[in-house]
Amino acid sequence: MKMKLKAVVPIMLIVCLLAGIFAFAKIGVNDDPPGRYQTIMTLVGQILKEGHYQPKPINDAFSREVFTKYLKNIDGEKKFFLQRDIDELKKLENHVDDELNGAPLDFFYKSTELIKQRTVEVSTIYQDILSKPFDFSKAEKMDIDPNTIPWPANEAARVEAWRKALKYRTLEKYADLTTIRDKEKNGKTDAQLEAEAREKVKKVYDRYFDRLKNRTKDDDRFSLYVNAITTTMDPHTDYMPPLEKRSFQESMAGKFYGIGAQLREEEGRIKIVSIVTGSPSWKQGQLKADDIILKVGEGDKEPIDISGFPVEEAVTHIRGTKGTVVKLTVKSVDGTIKVIPIVRDEIKLDDVFAKSAVINNQHKIGYIYLPEFYADFNDRQGAFSYDDVAREIEKLKAEKVDGIILDLRFNGGGSLPDVIKMAGLFVPEGTMVQVRSRSGEVQQQRDRDKGVAYDGPLAIMVNEFSASASEIMAAAMQDYKRAVVIGSPSTFGKGTVQRLLDLDAFVKGDVGGSLGAIKLTVQKFYRANGGSTQLKGVESDVVLPSPYYEVGEKKDKDALKWDVVPQAEYATWSEPVDVAPLKAKSAARVANNEAFRMINENIATLKKLDEQKTYPLDIASYRADQKKNAAALKRYDSVNDKVQPLNISSLKADLDKIGADTVKLARNKDWLKARNKDPYLSEAVNVMNDLIMQQSFPKLKNNYTETKVNGPKR
């Protein structure tokens, strides 16, 4: 998943920092204004120094870190730059801090000049290499570890590096084609298949180099450069160019303004998969499934040719302001080409909203899926995750469920106010999280609603990708002994707060277009018990084998460290979850569970593959490797077959809402199917059955007592 991990406060609460945190005046446009890039760099430098939660000194050592990171960003496989380029650029490796303080952007411009030149050179190299047959009987190997391989010493060494890389890509295609031939007995010779494999690889690289030479702009490289700077401060301080800023705000709100069509990339083209019922495209009526979008136009501007664009980039051009017209040049299935004008309107991202189901097992269990803590800070009538989860709880209570599982797997976080209020749905008022600012001041973020929306058995599902607000939720339920946390050994470990700052607000006049925004780390999260969720994450009460490894904040050397603050004063739940027996029973089941045994075997295989640094370039060795690895990985494909299907169904109220919308019905069916044989959800249901048996029924009306955990006097 680049899964985005978010923890932001409402935009409306971001006060004018010019008069507060930042003690610098607005940059004005004068007779000799700085360029747009220089303006952004100066602002970023000041913001990092004056506003970051824990700023590193911006000095030569910081410059060298950025230098190394940026070169890795633009040539991570060491296939473009030559050693003499690196030697030349090294003269500027201590220059980044100067650039942040107003010096000319010498390193950025020099590296940009060189990478453009080398890209043009390599674009002829790959074509020449792929014009000649490869000898797959020759025993040789390719080293792929960028940390150990040197930069090419000269042009000949670079050609050799590309030859091996292209030979390996062709070998992959060739092996697949020979397997198909042997199965279908189509009569093609080895030479014909080798030529076909080279042609397939060439098409891939044709699109790749077309994008590098013709579509990658200086703005794209500059964005990478600034992010090399911001993420060296910490992994979650990001620079967002204008389009990315808009996408971020849309993801937080759970809505955007577009045309309502699902897209996919196919052979370098953007194809329509389906039209969303009731959307602008559906109402307009001309756009159809399987149409190919060739160009995207806006008003009287020259349409943009989106051939070769990834879907994510094509989408940024198709979306825009509500009520504006986007003109799509489309090639239909019958070959006709026409321009289709569509008025953009609001599209809600249903997939990011809370959703529930009922699982009928030993007990009747409610299941709530929450993919992120979304909040539409710009629209009071918009979607807020707290409100939606509260509604799902009421629906499940009406179904008379015996327990509720809240699934926060892959939930990267989101709105801090929403998670605080959401935790308050399950416990009365109290400190849900502590937040420390740059000054060292610690604030206790409390839910002040004394009511409890649900007082029955509760389980929280997490994995390594549960981050930020998800970790706050899991930690609060754990500290209050309100729920059992089930999942990976620990969550992601993102215990920091970011605020989105619009850089345009810091300048006077026009500096050549919008400057974008910076998502700045300004605070750090701590549990009610005082421990940070940063780096270590939240440890599950009931640990299940994880299909992932080496995931999380701890992988990034620039991550902020773990520490503690004094614990808050808070009251635990009157009927605290006793996790020890739940853990013991689950461990016994997991030890005898074939699906989890296969998952553990798969992890071992993946680790072994990840540690492999050289690859064979002859067909015999390649097939031997593939046969060995495929056997292990193929076994993992049948994991779900080892899981007893769950009796999971949608709520009648939800089905009534979907009605006869065939697209939504199909998506709902797929959503249920994905959970029907989920080994993790299946075991969570087992744990919930144990928890239901553990807790007495019927419950007392008031399920809360003042069992206090004493914190420091303030």
Side-chain angles (χ1 to χ4, degrees), residues 17-18 21-76 81 83-118 151 217-235 237-241 438 501 503-504 506-509 511-513 515-521 557-558:
L17 296 176
L18 295 174
I21 295 174
F22 305 113
F24 53 88
K26 284 195 176 185
I27 295 174
V29 178
N30 50 45
D31 292 334
D32 186 22
R36 179 170 168 270
Y37 291 169
Q38 185 61 69
T39 300
I40 292 171
M41 283 287 284
T42 301
L43 282 171
V44 167
Q46 290 176 307
I47 288 171
L48 292 177
K49 285 184 284 188
E50 303 296 332
H52 192 274
Y53 172 78
Q54 197 173 70
K56 295 179 180 178
I58 297 180
N59 52 22
D60 286 351
F62 183 85
S63 292
R64 289 191 291 273
E65 279 192 65
V66 174
F67 176 87
T68 302
K69 182 178 286 190
Y70 181 58
L71 292 184
K72 188 174 182 179
N73 286 346
I74 59 175
D75 190 12
F81 286 131
Q83 182 60 54
R84 66 173 178 266
D85 299 328
I86 304 305
D87 294 340
E88 183 69 20
L89 290 173
K90 266 189 170 293
K91 298 173 184 177
L92 296 167
E93 69 175 345
N94 294 332
H95 200 254
V96 179
D97 58 325
D98 301 320
E99 295 180 12
L100 286 166
N101 286 317
L105 307 187
D106 292 344
F107 171 53
F108 172 69
Y109 285 124
K110 184 63 178 177
S111 60
T112 298
E113 174 193 336
L114 282 171
I115 196 65
K116 284 180 177 179
Q117 179 185 340
R118 300 312 182 205
W151 296 95
K217 309 298 182 187
D218 284 354
D219 279 0
D220 301 321
R221 295 188 180 92
F222 181 71
S223 178
L224 282 176
Y225 181 49
V226 180
N227 270 296
I229 294 167
T230 58
T231 57
T232 298
M233 196 62 73
D234 90 282
T237 292
D238 300 322
Y239 168 68
M240 296 181 179
R438 170 187 169 113
L501 305 178
L503 296 184
D504 294 332
F506 293 83
V507 297
K508 296 176 181 177
V511 289
L515 303 178
I518 185 168
K519 183 158 63 73
L520 181 71
T521 296
K557 69 180 182 64
D558 293 316

**Prompt:** Any sub-3.5 Å donor-acceptor pair from Lys110's side-chain atoms to Leu92's backbone N or O?
**Reply:** no
| task | Answer yes or no: is there a donor N or O on one side and an acceptor on the other, between the side chain of Asn59 and the main chain of Ala61, under 3.5 Å? | result | yes
Between the CG atom in Asp504 and the CD1 atom in Ile40, the distance rounded to the nearest 0.5 Å is 8.5 Å
Rounded to the nearest 0.5 angstrom, the CG-OG1 distance for Asp220 and Thr112 is 11.0 Å
Glu93 meets the side-chain contact (heavy atoms from CB on, under 4.5 Å) criterion, sequence neighbours left out, with Arg64, Phe67, Lys90
Worksheet entry | Derivation of the side chain to side chain contact (heavy atoms under 4.5 Å, CB included) call for Ile47 and Leu503 | CA-CA 10 Å; Ile47 288 171; Leu503 296 184; 3.6 Å; yes
Using only atom types and a distance under 3.5 Å, with no angle test, would you say the side chain of Lys56 pairs donor to acceptor with the backbone of Thr232? yes
Exactly one candidate in Tyr70, Tyr109, Tyr37 meets ring pair (Phe, Tyr, Trp, His ring centres under 6.0 Å) with Phe222; the answer is Tyr37
Between the CD1 atom in Ile86 and the CG atom in Asp75, the distance rounded to the nearest 0.5 Å is 7.0 Å
Between the CG atom in Asp106 and the NE2 atom in His95, the distance rounded to the nearest 0.5 Å is 4.5 Å
Correct closest heavy-atom pair for Arg438 and Lys49 would be NH2-O, 3.0 Å
Across all chains, not counting sequence neighbours, the side chain to side chain donor-acceptor pair (under 3.5 Å) partners of Tyr225 are Glu99
Output for pair (Thr230 OG1, Ile518 CD1), nearest 0.5 Å, gives 6.0 Å
ask   = Checking Asp558 side chain against Met233 main chain: does a donor-acceptor pair fall under 3.5 Å?
value = no
Derivation of the side chain to side chain contact (heavy atoms under 4.5 Å, CB included) call for Ile229 and Leu48: CA-CA 10 Å; Ile229 294 167; Leu48 292 177; 3.9 Å; yes
Quiz item: side chain to side chain contact (heavy atoms under 4.5 Å, CB included) between Phe506 and Leu515: does it pass, once the steps are laid out?
Solution: CA-CA 10 Å; Phe506 293 83; Leu515 303 178; over 6 Å; no
side-chain contact (heavy atoms from CB on, under 4.5 Å) filter on Lys91, not counting sequence neighbours, yields Glu88
Sorted by chain and residue number, the side chain to side chain donor-acceptor pair (under 3.5 Å) partners of Thr521 (sequence neighbours excluded) come out as Asp234, Thr237, Gln498
Correct closest heavy-atom pair for Leu100 and Phe62 would be CD1-CE2, 4.2 Å
Residues at least two apart in sequence or cross-chain that pass side-chain contact (heavy atoms from CB on, under 4.5 Å) with Asp97, listed by chain then number, are Ile58, Asp60, Ser63
Across all chains, not counting sequence neighbours, the side-chain contact (heavy atoms from CB on, under 4.5 Å) partners of Arg84 are Leu82, Arg118, Glu155
Nearest heavy-atom contact between Met41 and Leu105 is CG-CD2, 3.8 Å
Taken to the nearest 0.5 Å, the spacing of Ser223 OG from Asn73 CG works out to 10.0 Å
Discussion item. Check this for me, if you would: do Asp218 and Arg36 make a salt bridge, where the nitrogen-to-carboxylate-oxygen distance has to be below 4.0 angstrom?
Written reply: no
